[in-house]
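Have a look at the structure below, then the notes.
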Amino acid sequence: MQELAPSFQTYAWGSSTAIPEALGTAPDGGPVAEAWFGGHPSAPSLVGGPAGEPLDVAIAQDPAALLGPDVASRFGPQLPFLLKLIAAARPLSLQVHPSIELAQDGYGREDARGVALDDPRRAYRDRNHKPELVYALSPFEALVGFRAPRRTAEILRGLDHPVARQLHKTVTADPTPSGVREAFTRLVGEGTRPTPREVSELADEFRARLVAGSPSPRTDRAVDVLERAYPGDPGAVTAVLLNPVSLRPGEALFVPAGAVHAYLDGFAVEIMANSDNVLRAGLTSKHVDIPELLRAVDCVAAPPIRIAPERVYDATEVYYVPVDDFELSVTQVPGGGVVRLPGVGPRVVVCLEGDVVLRSAAGAELAVHAGRAAFVPAADGALVVAGHGRVVQGSVP
């Protein structure tokens, strides 16, 4: 096993303090949105520390030892998951992640058109799907998936703006996935979305209703926050169609491929399939591809998928998800104790608190303190952790 140094994403929505404080580094005043612990070729971590080798390169040189025969045969010569710290100080884009089938098709089409991988207009950075799990480290707010059309109609009732009246008519006349798709397309679609002035006017109606009495203050506040962050963007109004989600520290949410979502605020661990495919509908200055997003989005109304952990080995909670690419475990290491960690394949371990020592069945040992991470190859076998603190581990089922 070796130290794993993250790569950083400095997107504008990121917090300037949360990730630097978690990693024990001095903030430079700029946003740090994400710290990536993984081998995605667009921003691989460095195995061996900040002066080390990109993890994807190391794996390609010896996939059998680093991944193990089973993982290498199922996923090829790549780590199947990407573990992140994510810190949102303002809302992220309204987005959807594609299925494997759509990703393979979209990647091939963009390649055929000669769109470079680093072109900001490119939607597909790889051929993989991107289901993801969010484990909250602070209060975390999000909008995820479509809510019941009946509830959307209740929230829209009484609003006088023509856009609101049309949305109400749509979800009332057709409270099915087809009606949800029509309403969503009405807000974000090319040629159908409201003008910035109409968005501003409708957002003012939501704000006024907060004072006068609202059937959903939470939705009204979400529209207010989104429209202030992205003035005139119709993505702000989609809050009326989406499920609001609040996570307390230690709670987790699974977002499958096809689920429309926008993270609003908070600090979390995020683990996903090894992909950087994001299809955006708005609330961003980045590339927006409405037709591709509408191909990928699942318009079935359903409640958010909260994942309850299963306790194993006394000190560890495992968040199992319905995909083969990853699972997340969280272990509280008691002072002076030695705790077994689940899994024997390739793993990424990040120490969130305290000071711990990782020991493998193969005899390897590595001290990891708060803010540091390790890559544990499959060849190291079973893993125990000693010391005192809290660690999260990404692994392959």
Side-chain angles (χ1 to χ4, degrees), residues 7 9 11 34 36 38-45 54-61 63 66-67 70-84 92-133 145 177 181 184-185 188-191 235 254-262 270-300 321-326 346 396-397:
S7 59
Q9 303 290 359
Y11 308 137
E34 296 177 347
W36 288 22
H40 194 280
S42 66
S45 301
L55 181 58
D56 59 329
V57 174
I59 289 173
Q61 293 170 351
L66 271 63
L67 300 179
D70 172 63
V71 172
S73 65
R74 286 193 286 150
F75 297 98
Q78 62 173 350
L79 188 66
F81 63 86
L82 174 59
L83 184 69
K84 299 179 182 180
L92 281 66
S93 58
L94 183 68
Q95 60 187 261
V96 171
H97 304 309
S99 66
I100 289 179
E101 294 77 14
L102 284 177
Q104 291 174 344
D105 177 67
Y107 187 95
R109 284 187 285 110
E110 290 189 321
D111 262 7
R113 296 202 309 268
V115 185
L117 279 176
D118 59 355
D119 191 318
R121 296 168 297 174
R122 182 154 186 145
Y124 293 97
R125 307 285 177 176
D126 51 67
R127 296 180 174 88
N128 205 7
H129 65 166
K130 194 187 174 190
E132 58 193 31
L133 177 82
R181 178 176 292 276
F184 183 63
T185 303
V188 303
E190 296 175 350
F254 177 66
V255 182
V260 61
H261 59 286
E270 192 178 25
I271 186 170
M272 62 205 63
N274 187 35
S275 176
D276 192 27
N277 287 328
V278 182
L279 304 172
R280 301 177 185 88
L283 306 178
T284 183
S285 59
K286 296 181 182 179
H287 176 59
V288 171
D289 191 334
I290 299 299
E292 203 62 31
L293 179 137
L294 292 175
R295 288 184 69 209
V297 67
D298 182 355
C299 291
V300 174
V321 293
V323 296
D324 295 332
D325 310 69
F326 63 85
V396 186

- Kindly determine whether V57 and Q61 satisfy side-chain contact (heavy atoms from CB on, under 4.5 Å), including the steps that lead there. CA-CA 6 Å; V57 174; Q61 293 170 351; 3.7 Å; yes
- Hey, does the side chain of T284 reach the backbone of S93 with a donor-acceptor pair shorter than 3.5 angstrom? no
- Note on the structure: Between the CG atom in D276 and the CD atom in Q9, the distance rounded to the nearest 0.5 Å is 7.0 Å
- Query: Going by atom types alone, do N277 and D126 pair a side-chain donor with an acceptor below 3.5 Å?
  - Reply: yes
- Query: What's the shortest heavy-atom distance between V96 and V260, and which atoms?
  - Reply: CG2-CA, 3.6 Å
- Under 3.5 Å: donor-acceptor pair, side chain of E190, backbone of P291: no
- Which distance, rounded to the nearest 0.5 Å, do you find between the NE2 of H129 and the CD of Q104? 10.0 Å
- Query: How long is the gap from CG on D324 to CZ on F75, to the nearest 0.5 Å?
  - Reply: 5.5 Å
- Any side-chain heavy atom of E132 within less than 4.5 Å of one from H261? yes
- Item | Donor-acceptor contact below 3.5 Å, side chain R125 vs main chain L117 | yes
- Message: Is there a side-chain contact between P131 and F254 in this structure, where contact means two heavy atoms from C-beta onward sitting under 4.5 Å apart?
- Response: yes
- Where V288 and G282 come nearest, the two heavy atoms and their spacing: CG2-N, 4.2 Å
- Task: Using atom types as modelled and distance alone, determine if a side-chain donor or acceptor of R280 lies under 3.5 Å from a backbone N or O of L293.
- Result: no
- Message: Do P346 and V71 make a side-chain contact, defined as non-hydrogen atoms from C-beta onward lying under 4.5 Å apart?
- Response: yes
- Query: Which atoms form the tightest heavy-atom contact between V321 and L133, and what is the distance?
  - Reply: CG1-CD1, 3.9 Å
- Item | Short side-chain to backbone donor-acceptor contact, Q78 and N274, under 3.5 Å | no
- salt bridge (Lys or Arg N to Asp or Glu O under 4.0 Å) assessment of D105 paired with R295: CA-CA 12 Å; D105 177 67; R295 288 184 69 209; 3.4 Å; yes
- Message: Checking the side chain of R181 only, and the main-chain atoms of L294 only, is there a donor and an acceptor separated by less than 3.5 Å?
- Response: yes
- Quick one: does Q95's side chain get under 4.5 Å of K286's, heavy atoms only? no
- Are the charged groups of R74 and D325 less than 4.0 angstrom apart, N to O? no
- Message: Return the CG to OH distance between L102 and Y124, rounded to the nearest 0.5 Å.
- Response: 5.0 Å
- Item | Spacing of L82 atom CG and S42 atom OG [to the nearest 0.5 Å] | 8.0 Å
- Task: Measure across A72 and P63 and return the closest heavy-atom pair with its distance rounded to 0.1 Å.
- Result: CB-O, 4.3 Å
- Can you tell if the side chain of D111 reaches within under 4.5 Å of the side chain of R127, non-hydrogen atoms only? yes
- Query: Does a side-chain heavy-atom distance below 4.5 Å link E270 with W36?
  - Reply: no
- Query: Is the closest side-chain heavy-atom distance between V278 and K130 below 4.5 Å?
  - Reply: yes
- Considering all heavy atoms, the nearest P98-A296 contact: CA-CB, 4.4 Å
- Query: Counting only heavy atoms not in R121, do more than 12 sit closer than 6.0 Å to its CZ atom?
  - Reply: no
- Message: On a heavy-atom basis, which atom in L79 and which in G39 lie closest, and how many Å separate them?
- Response: CD2-N, 4.5 Å
- Query: Between L92 and Y11, is a side-chain contact (heavy atoms from CB on, under 4.5 Å) present by the stated rule, with each step listed?
  - Reply: CA-CA 9 Å; L92 281 66; Y11 308 137; over 6 Å; no
- Message: Could you go through R109 and E292, starting from their C-alpha distance and side-chain angles, then the distance that decides it, and tell me whether this counts as side-chain contact (heavy atoms from CB on, under 4.5 Å)?
- Response: CA-CA 12 Å; R109 284 187 285 110; E292 203 62 31; 2.7 Å; yes
